[in-house]
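Single-structure report; data block below.
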Amino acid sequence: MTDATIYYDDDADSTVLDDKTVAVLGYGSQGHAHAQNLDESGVDVVVGLREDSSSRSAAESDGLDVATPRQAAEQADLVSVLVPDTVQPAVYEEIQDVLTPGDTLQFAHGFNIHYGQIEPKESVNVTMVAPKSPGHLVRRNYENDEGTPGLLAVYQDPSGEAHDIGLAYAKAIGCTRAGVVETSFREETETDLFGEQAVLCGGVTSLVKQGYETLVEAGYSREMAYFECLNELKLIVDLMYEGGNSEMWDSVSDTAEYGGLTRGDRVVDEHARERMEEVLEEVQDGTFAKEWITENQAGRPSYKQLRAAEKNHDIEDVGEDLRALFAWGEE
Ligand code: NAD
Ligand code: MG
């Protein structure tokens with residue numbers, strides 16, 4: 001059926017973390033969840049944050065020990081790097097000489113290792129445990145005795161224990177409760193970037209905006225266009241999430257099903273497919289990574305511009321007004 005290996009709680013041996021201290025660097029989305037879940041799983045945790053970090057008080061009031069990233073890494077046998085990807089190379093510079101042979105450098109995304117922005121010492125294990133979910137869900141699921149699906153990869157394994165350590169870490173944050181898929185740094189990085197660019201974040205918002213603009217330019221009301229092209233997307237995606245495309249097709253009307261099956265591929269056609277292949281190639285050959293790294297080094301000029309333009313799109317104003325009028329925005 002499936003070609004990837006999937007690990008569950010019984011496959012993980014928690015005792016490999018018994019005599020180890022884990023440093024969690026960063027206390028944002030993933031950091032706060034990993035640190036608290038590890039702590040409650042009985043793992044010795046220290047959070048690494050800059051002296052002037054605004055996250056310090058949060059970590060302390062959650063009852064965790066806090067040190068600087070360097071001090072935390074020095075005390076630790078496993079260092080989980082959960083600061084933003086763009087900041088990780090600088091943080092690695094700061095901690096690399098306190099990493100000792102047999103220590104484990106752990107990531108939640110493969111970008112910096114895969115694209116050579118961090119060149120880890122050969123004497124340390126390099127692992128990835130990447131929950132397939134934002135941090136607040138990793139935390140909430142753990143508290144509800146539920147799991148969060150995740151990925152496990154080993155980049156280098158000088159101690160021979162990297163895989164077991166990664167699996168034990170995945171168990172301690174609650175991922176093996178749901179299932180952990182074996183992958184590689186390359187596969188995780190390239191599929192993650194492609195997915196967010198072509199389908200999830202980029203593809204979907206472009207599809208929504210083009211649909212909205214088509215209706216509005218044809219004279220339909222902005223409110224109707226917003227409902228049809230953006231708001232209802234959630235209902236469709238919920239069905240896809242529950243039971244795949246077929247559950248969605250089964251749940252909509254026959255008219256919607258026939259119309260969608262005959263028109264969908266006309267809109268997202270072979271040209272879109274060719275563009276997707278280009279986007280994938282730019283991910284694979286490092287063009288995208290290079291562009292993003294350069295953009296950051298330059299202080300993010302294009303990024304800031306694109307962000308502002310997206311916020312100024314007409315669909316944002318309509319959405320704000322509609323969400324204020326209707327109650328569906330509240331949980
Ligand atoms: P984040 O932006 O939520 O938090 C980063 C934290 O790092 C901040 O809260 C702060 O404590 C610290 N920090 C920020 N700037 C810093 C600096 N200049 N120096 C030192 N510390 C600094 O980050 P995140 O979204 O949790 O991402 C962490 C890692 O997890 C990344 O590798 C990311 O790709 C990965 N990841 C994120 C998600 C997600 O949904 N957010 C999901 C899977 C994997
Ligand atoms: Mg992702």
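Since we're looking at a predicted model, the values are computed, not measured. In each ligand, atom 1 is the first atom listed, and ligand 1 is the first ligand listed. The first residue in the sequence is number 1, and the count goes up from there.
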Whether the [X] and [Y] side chains hold a donor-acceptor pair (N or O, under 3.5 Å, no angle test) is what I'd like checked.
| X | Y | answer |
| --- | --- | --- |
| Arg300 | Asn296 | yes |
| Asp314 | Tyr212 | yes |
| Arg222 | Tyr226 | no |
| His114 | Glu190 | yes |
| Glu182 | Tyr7 | yes |

Can you find a non-hydrogen atom of [X] under 4.0 Å from ligand 1?
| X | result |
| --- | --- |
| Ala90 | no |
| Pro131 | yes |
| Gln88 | yes |

With a cut-off of 4.0 Å, which atoms of ligand 1 are near a heavy atom of [X]?
| X | value |
| --- | --- |
| Leu49 | 11 (O) |
| Ser55 | 9 (O), 10 (C), 11 (O) |
| Pro134 | 40 (O) |
| Leu82 | 5 (C), 28 (C) |
| His109 | 32 (O), 34 (O) |

Whether over 12 other heavy atoms sit under 6.0 Å from Gln305 CD:
no
Are the ring centres of Phe288 and Phe111 closer than 6.0 Å?
no
Taking the six-membered ring for Trp, is the centroid-to-centroid distance between Tyr169 and His34 below 6.0 Å?
yes
At a non-hydrogen distance cut-off of under 4.0 Å, which region of Ser133 contacts ligand 1 (side chain, backbone, both, or neither)?
backbone
Which bit of Arg50 is near ligand 1, meaning a heavy atom under 4.0 Å away: side chain, backbone, both or neither?
side chain
Nearest non-hydrogen contact to atom 18 (N) of ligand 1 from the set Asp52, Val81, Val83, Val87 belongs to Val87
Could you check which of Gly135, Ser54, Ser29 puts a non-hydrogen atom nearest to atom 25 (O) of ligand 1?
Ser29
Geometric N/O contact Val91 with ligand 1, under 3.5 angstrom:
no
Salt-bridge criterion met for Arg70 and Glu74 (N-O under 4.0 Å)
no
